[in-house]
Amino acid sequence: MSPIVAAFIRSALLPAIGVTIAVFLTGGMKEPLRARIQALVIAAGFIIGHFLLIGRLGLPPGDVAESISYAALGLALFVVVYPMVQQAPYMVRALFVVVLGALVLWHMRHEIKGDMGLRNSIAFFCLGLGVWSIFERNVHRLNMLSILGLPLIVAACLSFILLFNASASFSQMVQILCALIGGLFVLSLKWPGRVSQAAVVPFLSVFLILIMAAGHFTLGVNPWKMVFLCIPFVLIWTRAWFPFIPRNPIVEFLILAIIALLPLAYFTWDSFVKAGPLY
Amino acid sequence: MIKHLCLSLLALSMGAAHAEPTNFTIDDTHASVVFKVSHLGFSNVYGMFGQSSGTLVWDTDMAKSSLEVTVKADSLTTMNKKRDDHLKGPDFFNVKQFPDIVLKSKSIKKLSGNKYEVTADLTMHGVTKPVKVTVAQGNTGKDPWGNTRTGGDATFKVKRTDFGINYMSKPGEIGDDVEVMIGFEAIKK
């Protein structure tokens, strides 16, 4: 078996199965307990998968990759404190995004010096906070399949972009997130009510932006590519503008996914062509 | 009186025999830091670092000799840009966070002939581990530009996982054992 496939099964697929089962089993609990437990389960699944991938997790974190695992834990703890959607005051959420950003980018702080570095870090802060807020305000307008499926598209494309920019491990890290979201997506096909919105929203929004920021400062990925990847979040934001899209979960997801995939698939393909074949 | 004179002469000669250590600066232009690592068990991939600097302090008393070499991790090349970008990235050397690889000797022991064993601390990827470096000393003398020059060849092996470079390090993947070969020259200050 190819080592890449073996790594995916070990670090992504197995934790995703575990998390999906755990979310299913806790799905019958009442909020806010359900949100707290499922957030911790999702974070644990990511941290375990990431550890199985890179084989290290120091305290304090030794590099950006390890910091991202701690950011996942931080988000879960945030949900433990604020287990309802839109419960956290805006300023608290903003400060938390700053703290998470500092945690993830601490080892790259020398890259943030200068006008461009500072400008880009502020841009990622605004993007992270904005996407999180958009998600929280509009999550009630969407079915669970779309809530999970649209960020899954973002994550999948992000995984490819990171691979084309010479980091297989970062790409595989995002694949762990894709597998976790994918498992919950499959669960939602049959039992959409089992997944807590409050638990998943941070991992589908600001967590992805944190990884994008890490990709930019570590690998030099053009930040505009990251902004372009956020097109599905715009669809979440503007869902109310498309009342003609049926509320049927599968139909809604398919239509929104096609609208999101058209530009992103072309963009990802174009990035692959420009990057050239992998060595 | 003759006895005192002899003793004085003996003391003077001991002082003269114990000369000051000689300080050398590593000549980057004539330093080659080459490594080889197994690629999926099919063959070895060779790479080198193009920028290095350092100092060599040489004394007949080995305890006073020392070697310190700093290699710029970003100067790595394997003659393939994509592979170089990958090696410099977070999967391997993570040069943005860990720009320098430093070898600092702790002790030097003469083996036989022109061979020496240098026990040193190697700092790479944010981790410091002891390594034993075998050095074969070359000639020491005047070069065409009038400098006093010395040099040699050094080899040692490391396990990259000891330094936290774990990506695809399982058997059959990219080798954990890395052999390093250094050819160096140093100019007397």
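A, B, ... follow the sequence lines: proteins, then strands. Residue 1 opens every chain. Computed over heavy atoms, backbone and side chain alike; hydrogens, waters and symmetry mates excluded.
Residue B:Lys104 places its NZ atom among 12 or fewer non-hydrogen atoms of other residues, nucleotides or ligands, all under 6.0 Å distant. For CG of A:Asp115, the number of neighbouring non-hydrogen atoms (other residues, nucleotides, ligands) closer than 6.0 Å is 12 at most. Around OH of A:Tyr70, the count of heavy atoms belonging to other residues, nucleotides or ligands within 6.0 Å exceeds 12. Summarising the local packing, CE of B:Met62 is surrounded by more than 12 heavy atoms from other residues, nucleotides or ligands at distances under 6.0 Å. Counting non-hydrogen atoms of other residues, nucleotides and ligands closer than 6.0 Å to NZ of B:Lys189 gives a total above 12.
Interface residue B:Gln97: backbone and side-chain heavy atoms are both found under 4.5 Å from chain A. Of the atoms belonging to B:Asp85, heavy atoms from both backbone and side chain fall under 4.5 Å from chain A. Residue contact with chain A, scored on non-hydrogen atoms closer than 4.5 Å, is absent for B:Lys81.
Closest approach of A:Phe170 and B:Asp91 over heavy atoms only: N-OD1, 4.1 Å. Minimum heavy-atom separation, A:Ile54 to B:Asn166: O-ND2, 3.0 Å.
A distance of 11.5 Å separates CZ of A:Arg56 from OG1 of B:Thr161, quoted to the nearest 0.5 Å. Between the OH atom in B:Tyr167 and the CD atom in A:Gln172 there is a gap of 4.0 Å [rounded to 0.5 Å]. Note that NE2 of A:His110 is 7.5 Å distant from NZ of B:Lys96, once rounded to the nearest 0.5 Å. Between A:Ser169 atom OG and B:Phe92 atom CZ the span is 8.5 Å, to the nearest 0.5 Å.
With B:Lys170 contributing its side chain and A:Pro3 its backbone, the two residues share no donor-acceptor pair below 3.5 Å.
The candidate with the highest count of non-hydrogen atom pairs below 4.5 Å against chain B, out of A:Ala275, A:Ala7, A:Ser167, A:Gly220, is A:Ser167. Of the residues considered (A:Gly58, A:Ala65, A:Ala166), A:Ala166 shows the highest number of contacts with chain B, using heavy-atom pairs under 4.5 Å. Among A:Val64, A:Thr218, A:Leu219, A:Ile4, the residue making the largest number of heavy-atom pairs under 4.5 Å with chain B is A:Thr218.
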